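What follows is a set of notes on a single structure, which appears directly below.
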Amino acid sequence: MISGSPVPLDSGIHELVAAQARRRPHAEAVRDPQRSPEVHLVRPAAGALLPADFPVEADVSDLYSSIDIVDLLFDQQPPAAMASGPAPRYAAQLSGIADGLHGIRVHARD
């Protein structure tokens with residue numbers, strides 16, 4: 001479940017498989033609507049062992065336009081908007097996560 005309020009931890013070890021979006025490198029400083037924002041998953045690290053409640057943070061930037069929305073995708077759940085912090089940081093809190101392998105993706109749109 002993706003939520004803003006923590007849920008009590010259950011016992012056990014949690015392992016997370018983290019992924020981040022890849023994009024083409026910028027070659028020139030010209031606005032191009034076909035270029036995607038750049039996303040770097042800051043935490044958690046891929047393969048990290050985590051408790052049932054943990055923050056997700058990503059740095060999102062775009063040299064060519066402003067960022068409209070940043071979504072967190074956790075396993076097969078619907079996308080959840082991440083809150084913007086000091087540029088370029090976006091954050092969300094995951095809580096009540098069951099034991100096992102999980103996947104995180106962060107998508108940004110401009």
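Keep in mind it's a predicted model, so treat the numbers as computed, not measured. The first residue of the sequence shown is numbered 1, and numbering continues consecutively from there.
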Please test H102 against L94 for side-chain contact (heavy atoms from CB on, under 4.5 Å), starting from the C-alpha separation and ending with a verdict. CA-CA 11 Å; H102 300 282; L94 288 172; over 6 Å; no

Give the C-alpha distance, both sets of side-chain angles, the deciding distance and a yes or no for side-chain contact (heavy atoms from CB on, under 4.5 Å) between F74 and V56. CA-CA 10 Å; F74 178 75; V56 175; over 6 Å; no

Take H107 and V70, measure what side-chain contact (heavy atoms from CB on, under 4.5 Å) needs, and give me the verdict at the end. CA-CA 6 Å; H107 287 181; V70 177; over 6 Å; no

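Of all the heavy atoms in A92 and L72, the pair that sits closest is CB-CD2, 3.8 Å. Summarising the geometry of P55 relative to P44, their closest heavy-atom pair is O-CD, 3.9 Å, with the distance given to 0.1 Å. Taking every heavy atom of both residues into account, P37 and V60 meet most closely at CB-CG1, 4.1 Å.
Scanning for side-chain hydrogen bond (donor to acceptor under 3.5 Å, both in side chains) contacts around R43 gives an empty result, with sequence neighbours left out.
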Exercise answer: donor-acceptor pairs, residues 80-89 side-chain atoms, under 3.5 Å, sequence neighbours excluded:
from, atom 1, to, atom 2, distance (Å)
R89, NE, D59, OD1, 2.5
R89, NH1, E57, OE1, 3.0
R89, NH2, D59, OD1, 3.2
R89, NH2, D59, OD2, 3.4

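Atom CG of D75 is separated from atom CG of L101 by 9.5 Å, given to the nearest 0.5 angstrom. Taking CD1 of I104 as the start and CG of L73 as the end, the distance is 10.0 Å to the nearest 0.5 Å.
Not a single donor-acceptor pair under 3.5 Å links the side chain of D110 to the backbone N or O of S65. Counting only distance, with no hydrogens or angles, the side chain of D62 and the backbone of Y64 share a donor-acceptor pair below 3.5 Å.
Electrostatic pairing of R105 and D71 does not count as a salt bridge here, judged by no charged N lying under 4.0 Å from a carboxylate O.
No chain of hydrophobic side-chain contacts below 4.5 Å, direct or via other Ile, Leu, Val, Met, Phe, Trp or Tyr residues, connects I69 to Y90.
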